[in-house]
Amino acid sequence: MDLPTILKAASNLLLIAVGIPGNLIVLLVFGHIGCVERKLLPADSIVFMMTFVHLLIIFNQGIPETLFSLNYRGFYSSSICKFLIFIYRTSRAMSMSMTFLLSAYQSILIAPATSRFSCLKPKLPTLILPSFVFLWLLDGATTIQGIVYTSQIRNITGLKFTLNLTYCIVEYPNEASYVGTGTMVLFRDLFFVFFMVVTSVYILFVLYRHRQQVKGIRSSEQNQNPPEMRAAKIVVTFVILFVVFFGVDNITWVYSLTQHKVPVDLNNVRVFFSSLYASVSPIVVIASNKKVNSKLQCTKTVKIPQSKTTTVYTV
């Protein structure tokens with residue numbers, strides 16, 4: 001096994017080791033909250049769905065990539081390849097859609113009463129489920145070519161318009177379908193990223209203006225972060241991570257569209273960075289979400305009064 005293969009296997013194992021436990025923890029915590037409280041807040045529902053699709057990304061891309069790097073060739077038939085690539089591409093698109101939906105939801109939620117978006121606030125809880133259904137259908141429809149053009153790995157020497165994904169290949173019949181499909185995916189990604197950035201900038205603007213207005217009122221709470229500022233930081237953190245990781249993904253994708261046959265190492269870079277967001281995002285949730293923190297809290301403070309002093313025990 002050569003050094004590039006070892007590095008690839010090690011990086012994929014790292015993504016799996018971080019991403020699967022992290023996403024499972026967030027998924028189980030919000031599932032527990034939903035069972036106990038009989039409902040999830042809209043923002044929690046979006047994070048729950050985003051965590052679910054991130055788990056799909058790692059299972060359908062990280063694990064097969066790792067197994068193939070370790071010379072396991074047991075189940076890579078054409079039908080399995082079609083399934084894996086379709087689920088991976090749909091999940092990747094849904095990851096982007098959920099990040100956009102979270103930033104859009106937060107921007108509407110904190111919009112001033114005078115804003116034209118304020119009328120949407122009472123409708124937000126009822127819009128979440130239809131938004132999920134619409135985005136799943138949209139992303140599935142834009143990735144259907146994964147079923148049509150994907151097959152198991154074979155000798156592709158001399159083949160044009162082919163994406164070598166190591167364990168499977170996506171072979172387009174001609175240049176028109178290759179460039180057309182790639183351009184459609186690129187514009188879909190840019191659409192969501194553009195509005196993701198716009199909503200994040202709007203969130204920061206509204207919160208900055210609000211903070212200036214109440215600065216005198218909160219002068220005694222200078223060391224505390226208002227709840228809306230914490231929510232904004234979480235959303236903006238997600239958007240920044242997405243733009244950085246998927247930015248590399250899309251830059252390599254644009255380059256791929258100019259090549260008739262894309263080097264396998266370039267596709268590996270794309271896959272790694274698109275999977276990196278799925279592995280890192282649960283860390284952000286665990287570190288910043290108070291509900292998740294409270295469920296994962298392993299220590300508590302017990303105060304035992306004494307005659308003159310108070311001893312604090314941590315258990």
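Numbering starts at 1 and runs along the sequence shown.
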Look at the aromatic rings of Tyr178 and Tyr172 and report parallel, tilted or perpendicular, splitting at 30° and 60°.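 Tyr178 and Tyr172: perpendicular rings.
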Taking the inter-plane angle between the rings of Phe191 and Phe100 on a 0 to 90° scale, is it parallel (under 30°), tilted (30 to 60°) or perpendicular (over 60°)? tilted
Which pair of non-hydrogen atoms, one from [X] and one from [Y], has the smallest distance, and what is that distance?
{"X": "Pro21", "Y": "Ile16", "answer": "CD-O, 3.5 Å"}
{"X": "Cys168", "Y": "Thr150", "answer": "CB-CG2, 4.3 Å"}
{"X": "Val18", "Y": "Ser279", "answer": "CG1-O, 3.7 Å"}
{"X": "Val285", "Y": "Val47", "answer": "CG2-CG1, 4.0 Å"}
{"X": "Lys82", "Y": "Ile147", "answer": "NZ-O, 2.7 Å"}
{"X": "Pro42", "Y": "Ile128", "answer": "CB-CG1, 3.7 Å"}

Going through the distances and angles, do Lys121 and Ile108 end up as a side-chain contact (heavy atoms from CB on, under 4.5 Å)? CA-CA 7 Å; Lys121 291 183 183 181; Ile108 295 173; 4.2 Å; yes
What distance separates [X] [atom1] from [Y] [atom2], expressed to the nearest 0.5 Å?
{"X": "Ile63", "Y": "Ile58", "atom1": "CD1", "atom2": "CD1", "answer": "8.5 Å"}
{"X": "Ile283", "Y": "Ser288", "atom1": "CD1", "atom2": "OG", "answer": "11.5 Å"}
{"X": "Phe238", "Y": "Ser95", "atom1": "CZ", "atom2": "OG", "answer": "9.5 Å"}
{"X": "His54", "Y": "Met98", "atom1": "NE2", "atom2": "CE", "answer": "10.0 Å"}
{"X": "Leu190", "Y": "Met96", "atom1": "CG", "atom2": "CE", "answer": "9.0 Å"}
{"X": "Arg89", "Y": "Ile57", "atom1": "CZ", "atom2": "CD1", "answer": "13.0 Å"}

Cluster question for you: counting only ILVMFWY and a side-chain heavy-atom cut-off of under 4.5 Å, with indirect links fine, are [X] and [Y] together?
{"X": "Leu14", "Y": "Val284", "answer": "no"}
{"X": "Leu28", "Y": "Leu56", "answer": "no"}
{"X": "Val185", "Y": "Ile251", "answer": "no"}
{"X": "Leu120", "Y": "Tyr202", "answer": "yes"}
{"X": "Leu129", "Y": "Leu27", "answer": "no"}

Check: Leu127 and Phe134 side chains under 4.5 Å, non-hydrogen atoms: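 No, their side chains stay 4.5 Å or more apart.
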With a 4.5 Å cut-off on side-chain heavy atoms, are Trp136 and Thr90 touching? yes
Show your working on side chain to side chain donor-acceptor pair (under 3.5 Å) between Thr181 and Tyr149 and close with a plain yes or no. CA-CA 11 Å; Thr181 300; Tyr149 300 135; 5.5 Å; no
Run the side-chain contact (heavy atoms from CB on, under 4.5 Å) check on Thr199 and Gln106 step by step: do they pass? CA-CA 8 Å; Thr199 54; Gln106 189 67 32; over 6 Å; no
Does one side chain, of Ser131 or Tyr105, offer a donor that lies under 3.5 Å from an acceptor on the other? no
Side chain to side chain donor-acceptor pair (under 3.5 Å) assessment of Ser103 paired with Ser200: CA-CA 6 Å; Ser103 61; Ser200 297; 4.9 Å; no
Does the pair Leu40 and Ile33 meet the rule for a side-chain contact (heavy atoms from CB on, under 4.5 Å), with working shown? CA-CA 7 Å; Leu40 283 177; Ile33 293 172; 3.9 Å; yes
Would a distance-only check, ignoring hydrogens and angles, find a side-chain to backbone donor-acceptor pair under 3.5 Å from Ser275 to Phe272?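 No, the answer is negative, given that no donor and acceptor are paired below the 3.5 Å cut-off.
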Please confirm whether the backbone N or O of Phe30 pairs with a side-chain atom of Asp44, one donor and one acceptor, at under 3.5 Å? no
side-chain contact (heavy atoms from CB on, under 4.5 Å) between Leu135 and Met49: does it pass, once the steps are laid out? CA-CA 11 Å; Leu135 290 171; Met49 182 61 71; over 6 Å; no
Counting only heavy atoms not in Lys39, do more than 12 fall under 6.0 Å of its NZ?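 At most 12 heavy atoms, drawn from other residues, nucleotides or ligands, come within 6.0 Å of this atom.
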State whether the number of non-hydrogen atoms from other residues, nucleotides or ligands found under 6.0 Å of Phe52 atom CZ is greater than 12.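 No, CZ of Phe52 has 12 or fewer neighbouring heavy atoms, counting only those of other groups under 6.0 Å.
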In Asp189, Asn60, Thr143, the residue satisfying side chain to side chain donor-acceptor pair (under 3.5 Å) with Arg92 is Asp189
For Asp139 and Ser97, run side chain to side chain donor-acceptor pair (under 3.5 Å): C-alpha distance rounded to whole Å, both residues' side-chain angles, the deciding distance at 0.1 Å, then the answer. CA-CA 8 Å; Asp139 293 332; Ser97 300; 2.9 Å; yes
